Structure formats: C-alpha cells, structure tokens
Q: 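My questions will all concern the structure given below.
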Amino acid sequence: TLLGFIVTDLPIETTALQTMLSGAVNRSFNCISVDGDMSTNDTICMLANGAINATKIDENSEDFAKVSAQVTEFAKQLAQLVVRDGEGATKFVTVNVKNSAKFKDAKIIAETISNSMLVKSALYGQDANWGRILCAIGYSKLDNLASLDESKINVSFIATDTSTPRELKLVSNGVPQFDIDEARASEILSLPDLEILVDLGTGSEECQFWTCDLSHEYVTINGDYRS
Amino acid sequence: QSASKTLDKYAQFVPKSGVFPKGYEVASLASGVKKSGAVDLGIIRNVNKSQKSSAAAVFTTNRFKAAPVLFSKKVLETGSGEGVDAIVVNSGCANSVTGELGMQDAGKVANQVNRLIGRSDGTLLMSTGVIGQRLQLDKISKGIDTIFQEQKFSADFDGWLNLAKSICTTDTFPKLITSKFKLSDGTEYTLTGMSKGAGMICPNMA
C-alpha cells in the first residue's frame with residue numbers, strides 16, 4: 001500500500017489544492033510500480049493550513065504554477081523513495097518513454113515494461129535481455145498503434161554514472177543491434193540505478209515511470225506476509 | 001546481506017534534520033498492533049487557528065476500497081475540503097475488506113480524535129497492513145487517548161521522523177522530505193512530505 005501526505009503552511013484555496021495535488025500525483029505516484037499490484041488503501045493527501053501570512057493562492061494566482069511545480073517535484077521524490085525501498089529491490093530503474101504521439105500511450109508502454117516479471121527478473125540477474133523489453137512493448141494494451149511504429153522504435157540502456165559510452169543502443173529504428181557490447185551492457189546493469197530509454201519516434205509526448213527489479217527476497221517477504 | 005542493503009538505504013535516503021511548516025504538531029506511539037512492538041499509530045494535527053485549513057486527496061481506484069479510503073472521501077466531500085485538522089495513520093492492519101464493521105471501526109477512530117480536537121468531521125484516516133482483519137480498536141483507542149493525555153505532540157525533527165516510521169509496514173526506511181521555498185513576493189513557506197510503501201505498489205489514484 002502506498003500512503004503519503006504533503007503539508008504546507010501556505011493558504012491555498014481547496015479546489016486549487018485538489019488541482020495541484022492531482023496534477024502532481026499523475027506525474028509521480030501514479031508512475032511507479034514495485035509489483036503491479038494496486039492496493040485497496042492507496043491514499044495521498046495534502047493539507048494547507050494558512051499559518052503564514054500570505055494571500056490565499058487560487059488557480060489564477062501568479063504563484064499557482066510555481067507552487068504546483070514544487071509540489072510535483074516533492075511528490076516525485078517521495079514516490080521514488082518508495083520504489084527504492086521496493087520489497088527485495090536491488091535496482092532502481094527509470095523507464096523513460098519519449099517522443100510518443102500520446103502521453104497515455106507512453107505511460108501504458110512504460111507501465112507495461114515496469115510490470116513485466118521477465119524484464120524485472122533479468123534486471124535482478126543483471127542480464128541484458130533486451131528482447132523482453134521489446135516483448136513487453138509489443139503486448140502493451142494500447143487502444144491503437146498511433147504511437148507505436150515498429151520501424152521507428154529505438155531502445156537503449158543508459159548508464160546512470162559518469163562512465164561512457166553513456167548510451168548502449170539495443171534497437172535502432174526498429175533494427176535489433178545483434179553486435180551489442182555485452183561487457184558494456186554488464187557494466188551498465190551492475191549499477192544500482194539504471195535507465196531504460198524507449199524512443200517511439202512518433203510524436204513529442206513522454207512519460208517517466210519508476211520501478212525496481214524482482215528478487216528472491218520479494219517472494220520470501222510476501223510468501224508469509226500475514227505473519 | 002539484506003541488512004547491509006537496509007543500512008545503505010537508511011544512511012543514503014533518511015534525512016538527519018529538517019524544516020517543518022508552521023502550525024502543525026505530530027505524535028506517534030506503539031499501540032501494540034504491530035507484533036514487533038514498533039511504532040504503528042501516528043497523528044498529525046493542524047493547530048493554526050488563523051483560518052480554516054484546506055485539504056485535498058487522491059485515493060485508490062481499486063473497486064474494493066478500504067474503510068479508511070471510503071471514510072476519508074466522505075469527510076472531504078462533506079466539508080468540501082475545508083476544516084480538516086487531523087490525519088490519523090495506523091499500520092499493521094489495513095481495515096480493508098472488512099465491510100460494514102470496518103466502516104464502523106473507522107468511524108469510531110475518527111470520532112474519538114474529532115472529540116479530542118474539538119471538531120466534527122475534521123479527521124482523515126489512513127491504514128495499511130494486513131487485509132481482511134478488523135482493527136484492534138482497544139489498542140488503537142487506548143493509543144489515541146495516551147497521545148492526547150500525555151501530550152505527546154511535538155513539532156521537532158524526531159517527532160516528524162517517528163511519524164514517518166509509524167506508517168511503515170515492510171519498508172526498510174522512513175520516507176520524509178522537507179524544504180523551504182519562496183513565493184514571488186519573497187514570502188517564505190515550507191513543504192514537508194512523507195510516504196510509505198514497499199509492496200502492493202502500482203497505484204492509479206484519482
């Protein structure tokens with residue numbers, strides 16, 4: 001279960017606060033997955049008590065956008081801490097799906113990759129099994145193929161430290177790279193943080209989704225949770 | 001090996017100090033619901049009286065919404081998001097798939113806090129833990145009374161960190177972030193946030 005709250009001493013009008021929180025959550029807490037299970041209890045709330053002397057913020061206020069951006073950034077940090085603490089997690093993975101015709105499709109594809117047991121197992125085993133990433137993209141439940149054109153798709157592993165080459169191309173414009181540098185792939189996959197970059201080449205929308213690997217410890221924890 | 005991972009994460013992600021917004025007090029204690037004896041009950045309350053607070057929330061879209069979710073939704077609808085002055089969090093028992101009895105238990109917890117803060121409909125609830133078991137009301141109710149009678153509220157870093165610990169279940173570290181910001185006219189304000197979660201995590205809240 002995901003629970004959380006954000007509190008501030010700003011005075012914020014209630015509907016503006018709801019707009020602020022809902023927008024922040026859609027780019028943070030609703031873009032994470034540890035195991036693909038949605039709890040019956042998930043709740044994020046925000047309180048603004050107006051304890052500081054300031055003009056009450058509503059959706060027309062000059063500071064509305066700025067405060068909204070700060071709340072979104074806060075929510076992203078809190079959401080990512082949850083993924084970093086995923087049960088048994090040894091890897092923190094950013095799935096970055098960009099240049100999509102629609103945000104909705106980018107999110108569906110990112111979430112599908114993030115919830116693939118086989119992708120998550122390979123990440124735990126530090127196995128550069130990128131075919132599973134393609135497979136997950138291929139079964140994503142998209143309404144149509146406006147955002148997914150097999151001849152334009154690019155998939156890469158991105159190193160999250162300062163080592164180079166930073167990007168390891170796995171699929172280039174729909175063509176699988178059979179001669180990938182396996183040693184470099186292993187180096188990248190041995191890092192605690194990893195980025196999987198999917199460039200759909202069909203538009204300009206993008207979605208960042210955060211997930212973790214699937215380890216033996218996850219099964220151990222959840223095999224006898226009630227105890 | 002897992003201990004070493006826990007150590008790394010705690011050292012890496014848990015702050016050692018923080019800045020906290022004006023007008024809030026926090027408290028937490030071990031009510032006995034968690035078998036381990038760890039803190040499992042927390043309350044954050046708004047003590048600012050200069051104006052009514054504003055509250056907003058997003059909730060699970062799972063069809064089988066737990067009692068605290070249904071109860072909190074109703075509080076926000078009833079008050080249109082105004083005048084929420086307390087959030088009660090309990091861990092160890094999710095009060096989920098508990099039907100009408102679970103709703104009654106949720107109401108009892110909230111009404112006890114409402115009485116103690118002198119409000120009606122001023123309390124939101126959050127629960128997490130085992131699904132399908134009822135709240136151990138005796139322990140939680142006694143814990144709430146202890147918090148108020150022994151004046152356990154504070155506004156310092158340890159108080160906020162312990163509140164972040166009181167909502168944890170299989171988490172290996174408390175998740176707390178705090179920061180000060182400035183409005184365009186230079187007015188300084190503070191955001192503080194906390195979260196919990198380690199399993200059953202793929203939210204789609206609305």
Side-chain angles (χ1 to χ4, degrees), chain A residues 1-15 17-18 20-22 25 29-30 32-52 54 62-63 66 70-71 74-75 77-79 81-87 90 115 217-218 221-222 225-226, chain B residues 2 9 13 21-24 44 46 48 50-51 53-60 62 64-66 68-69 72 80-82 84 87 89 94 96-97 124 126-128 130-131 167 170-173 175 177 181 183-184 187 189-205:
Chain A
T1 295
L2 174 78
L3 296 181
F5 49 81
I6 296 174
V7 294
T8 181
D9 41 22
L10 273 174
I12 303 176
E13 194 268 326
T14 52
T15 49
L17 191 68
Q18 187 65 59
M20 200 179 272
L21 180 66
S22 299
V25 167
F29 292 107
N30 279 354
I32 65 172
S33 177
V34 168
D35 49 20
D37 273 284
M38 183 202 296
S39 167
T40 52
N41 290 57
D42 294 336
T43 302
I44 297 290
C45 70
M46 186 164 174
L47 273 186
N49 69 359
I52 61 166
E62 175 194 3
D63 285 308
K66 181 179 174 183
Q70 283 154 355
V71 170
F74 243 60
Q77 289 177 46
L78 287 167
L81 284 174
V82 169
V83 174
R84 287 190 179 279
D85 202 14
E87 287 162 350
T90 68
N115 283 333
E217 200 177 333
Y218 178 87
I221 290 170
N222 287 290
Y225 182 78
R226 286 194 307 170
Chain B
S2 61
K9 289 181 179 177
F13 300 117
K22 293 187 179 74
Y24 293 97
I44 175 172
N46 167 37
N48 174 56
S50 67
Q51 58 181 291
S53 71
S54 297
V58 286
F59 300 98
T60 185
N62 189 306
F64 299 108
K65 291 171 181 61
V69 168
S72 297
S80 304
E82 283 199 335
V84 169
I87 302 173
V89 294
S96 172
V97 193
L124 299 182
M126 291 187 181
S127 302
T128 180
V130 180
I131 290 179
I167 59 176
T170 51
D171 306 67
T172 65
F173 63 89
K175 302 160 183 76
I177 57 172
F181 299 95
L183 294 176
S184 45
T187 305
Y189 68 96
T190 307
L191 284 178
T192 289
M194 63 179 68
S195 60
K196 70 76 54 186
M200 198 181 270
I201 296 286
C202 191
N204 181 29
M205 297 173 285

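Since the structure is predicted, the reported quantities are computational estimates derived from the model, not experimental observations. In what follows, every chain begins at residue 1, and chains take the letters A, B, ... in the order their sequences are listed.
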Q: Which one, A:Ser39, A:Ala54, A:Gly36, leads in non-hydrogen pairs under 4.5 Å with chain B?
A: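 With the most close heavy-atom pairs to chain B, the winner is A:Ser39.
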Q: Does any backbone or side-chain atom of A:Val83 lie under 4.5 Å from a heavy atom of chain B? Answer side chain, backbone, both or neither.
A: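 Neither part, no heavy atoms under 4.5 Å.
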Q: Which of the residues B:Ala66, B:Ala198, B:Ala94, B:Gly199 is involved in the greatest number of heavy-atom pairs with chain A at under 4.5 angstrom?
A: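 Highest number of pairs under 4.5 Å: B:Ala198.
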Q: Could you look at B:Pro203 and say if it's the side chain, the backbone, both or neither that has a heavy atom under 4.5 Å from chain A?
A: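 Both backbone and side chain.
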Q: Shorter than 4.5 Å, heavy atoms on both sides: which option in A:Thr43, A:Ile6, A:Leu78 has the most such pairs with chain B?
A: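 Of the candidates given, the most pairs with chain B belong to A:Leu78.
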Q: In terms of heavy-atom proximity below 4.5 Å to chain B, should A:Leu47 be classed as side chain, backbone, both, or neither?
A: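 Contact with chain B: backbone and side chain both.
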Q: Highest number of heavy-atom pairs under 4.5 Å with chain A: which of B:Ser53, B:Gly193, B:Ser50?
A: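 Highest number of pairs under 4.5 Å: B:Gly193.
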Q: For chain A, find which of B:Val130, B:Thr187, B:Leu183 contributes the most heavy-atom pairs closer than 4.5 angstrom.
A: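 The residue among B:Val130, B:Thr187, B:Leu183 with the greatest pair count is B:Leu183.
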Q: Do B:Asn46 and A:Asn49 meet the criterion of a side-chain donor-acceptor pair at a distance under 3.5 Å?
A: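 Yes, side-chain donor-acceptor contact under 3.5 Å.
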Q: Based on non-hydrogen pairs under 4.5 Å, which of A:Val34, A:Val71, A:Asn222 is most in contact with chain B?
A: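 So the answer, after comparing A:Val34, A:Val71, A:Asn222, is A:Val34.
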Q: Among A:Leu2, A:Ile12, A:Leu3, which residue forms the greatest number of heavy-atom pairs with chain B at distances under 4.5 Å?
A: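 The residue among A:Leu2, A:Ile12, A:Leu3 with the greatest pair count is A:Leu3.
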Q: Say whether B:Ser184 and A:Asp63, considering side chains only, have a donor N or O and an acceptor N or O under 3.5 Å apart.
A: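 Yes, side-chain donor-acceptor contact under 3.5 Å.
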Q: Please check if the side chain of A:Asn41 supplies one atom and the backbone of A:Thr1 the other of a donor-acceptor pair under 3.5 Å.
A: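 No; judged by distance alone, with no hydrogens or angles, the pair does not exist.
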Q: Going from OH on B:Tyr189 to CD1 on A:Ile52, what distance comes out if it is rounded to the nearest 0.5 angstrom?
A: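 Reported to 0.5 Å precision, the distance equals 8.5 Å.
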Q: Check whether A:Val25 gets within reach of chain B through its side chain, its backbone, both or neither, counting any heavy atom under 4.5 Å.
A: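 Side chain only.
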Q: Pick from A:Ile221, A:Thr14, A:Thr40: which one has the most heavy-atom pairs with chain B under 4.5 Å?
A: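 With the most close heavy-atom pairs to chain B, the winner is A:Thr40.
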Q: If I measure from the heavy atoms of chain B, does A:Asn115 come under 4.5 Å with its side chain, its backbone, both, or neither?
A: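 For A:Asn115, the contact with chain B is made by the side chain alone.
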Q: Before giving the answer on side-chain contact (heavy atoms from CB on, under 4.5 Å), spell out for B:Leu124 and A:Cys45 the whole-Å C-alpha distance, their side-chain angles and the decisive distance to 0.1 Å.
A: CA-CA 9 Å; B:Leu124 299 182; A:Cys45 70; 4.2 Å; yes
Q: Using atom types as modelled and distance alone, determine if a side-chain donor or acceptor of A:Asp85 lies under 3.5 Å from a backbone N or O of B:Asp171.
A: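 Flag not set: sc A:Asp85 to bb B:Asp171 has no pair under 3.5 Å.
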Q: When you measure from the side chain of A:Asp35 to the backbone N and O of B:Cys202, does any donor-acceptor pair fall under 3.5 Å?
A: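 Judged by distance alone, no pair lies under 3.5 Å.
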Q: With a 4.5 angstrom heavy-atom cut-off, could you sort out which part of A:Ala48 is near chain B: side chain, backbone, both or neither?
A: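 When you check distances to chain B, atoms from both the backbone and side chain of A:Ala48 fall under 4.5 Å.
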Q: Keeping B:Ser80 on the side-chain end and B:Glu82 on the backbone end, is there a donor-acceptor pair under 3.5 Å?
A: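 Judged by distance alone, no pair lies under 3.5 Å.
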Q: Does the side chain of B:Lys196 pick up a donor-acceptor pair with the side chain of B:Thr128 at under 3.5 Å?
A: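 There is such a pair (donor and acceptor under 3.5 Å, judged by atom type) between the side chains of B:Lys196 and B:Thr128.
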Q: Within 45 degrees of the ring normal and closer than 6.0 Å to the centroid, is that where the cationic atom of B:Lys22 sits relative to B:Tyr24?
A: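 Judged by the rule (NZ or CZ under 6.0 Å from the ring centre, within 45° of its axis), B:Lys22 is not positioned above B:Tyr24.
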Q: Which atoms of A:Gln70 come close to chain B, meaning under 4.5 Å heavy atom to heavy atom: side chain ones, backbone ones, both, or neither?
A: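 Contact with chain B: backbone and side chain both.
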